[in-house]
Amino acid sequence: KAGVTQTPRYLIKTRGQQVTLSCSPISGHRSVSWYQQTPGQGLQFLFEYFSETQRNKGNFPGRFSGRQFSNSRSEMNVSTLELGDSALYLCASSFTRDSTEAFFGQGTRLTVV
Amino acid sequence: QQQVKQSPQSLIVQKGGISIINCAYENTAFDYFPWYQQFPGKGPALLIAIRPDVSEKKEGRFTISFNKSAKQFSLHIMDSQPGDSATYFCAASEIYGSSNTGKLIFGQGTTLQVKP
C-alpha cells in the first residue's frame, strides 16, 4: 500500500513568487492535513480537509490556502512568498473521520531566497 | 491553552537503557494523545497513541503513561537501541470538538541519541 506522496520534494523560490505543493493521500483516506515544520516554531497546523471541505484552519496569514479534490488529493498554495516561509511542509492523511492515526508524507522542502 | 510542552529537548541514553520523554498540556478538551518519531529527511511516523480513558498503553518496547489529573503524559522506550535515535514529538488533539477536528498540537520535540 503506497504511503502519502508529496511533490515536489524540494523547491527553491524567490521572494514575492507563489508556490503550489501537492499531496496524494493513502488510498481510501479522505482526511488530509497540512503542517509547517521549522527549527524555531516546530510543527504547526495549517489546515485540514475532509471530503473536499476545509474543516479547520491554523493561525496562518491568508497567503496560505489549500484545497482538496474529489479524489482526496490536496494542494496548498502560498502566495507572495516571504523568506520566513522557508520550511518543510508536511501533509498527513487519515482514514477516520476524526482524523486520528494520521500518516505523514516525507514533505516538501521549500526554500525562499 | 493550546500549547503542549515537551521535555527534555535532548536526551542521551546508553544502549539497553530506558528513554523517558515527558509532555504536559493545559487544554482539558484534548482527548487524543499520539507520539511521533521522525528521522532526518523523513516525515513523522506514528508510534503509539492513547485516549484519556486509559492510564497506560504498551506496544512492544514503547509505552505511554497518561495522568489525566496532572495533565501529563510520557513516552517510555525500554531497552533503547541505536536505531531508536531520532526526534520524538508528542501531540494532542481534540477529536470530538467540532472546531478542532484534524488539528494536532505538537510539542517542540526531543532529540534522542542512543549510544552503543
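Each chain gets a letter, A, B and so on, in the order its sequence line appears, and its residues count up from 1.
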Contacting moiety of [X], where chain B heavy atoms sit under 4.5 Å:
X	answer
A/L88	side chain
A/R109	neither
A/F47	neither
A/L90	side chain

Exercise. If you count the non-hydrogen atoms of other residues, nucleotides and ligands that lie under 6.0 Å from CZ in B/R51, is the total more than 12?
Worked result: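 More than 12 within 6.0 Å, yes.
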Exercise. Nearest 0.5 Å, what's the OH-CG distance between A/Y35 and B/L104?
Worked result: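 Between A/Y35 OH and B/L104 CG, I get 3.5 Å after rounding to 0.5 Å.
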Problem set entry | Gap between atom CD1 of B/I105 and atom CZ of A/F45 - 0.5 Å precision |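 If we round to the nearest 0.5 Å, A/F45:CZ and B/I105:CD1 are 8.0 Å apart.
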Problem set entry | Nearest atoms (heavy-atom pairs only) where B/Q108 meets A/Q41 |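 The answer is OE1-O, 3.5 Å.
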Exercise. At their closest point, which heavy atom of B/K103 faces which heavy atom of A/N56, and how far apart are they?
Worked result: CB-ND2, 3.3 Å
Exercise. Do A/F104 and B/Y36 have side-chain heavy atoms sitting under 4.5 Å apart?
Worked result: yes
Exercise. So what's closer than 4.5 Å to chain A heavy atoms on B/P44: side chain, backbone, both or neither?
Worked result: both
Problem set entry | B/Q38 and A/Q37: side chain donor to acceptor below 3.5 Å |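 Yes.
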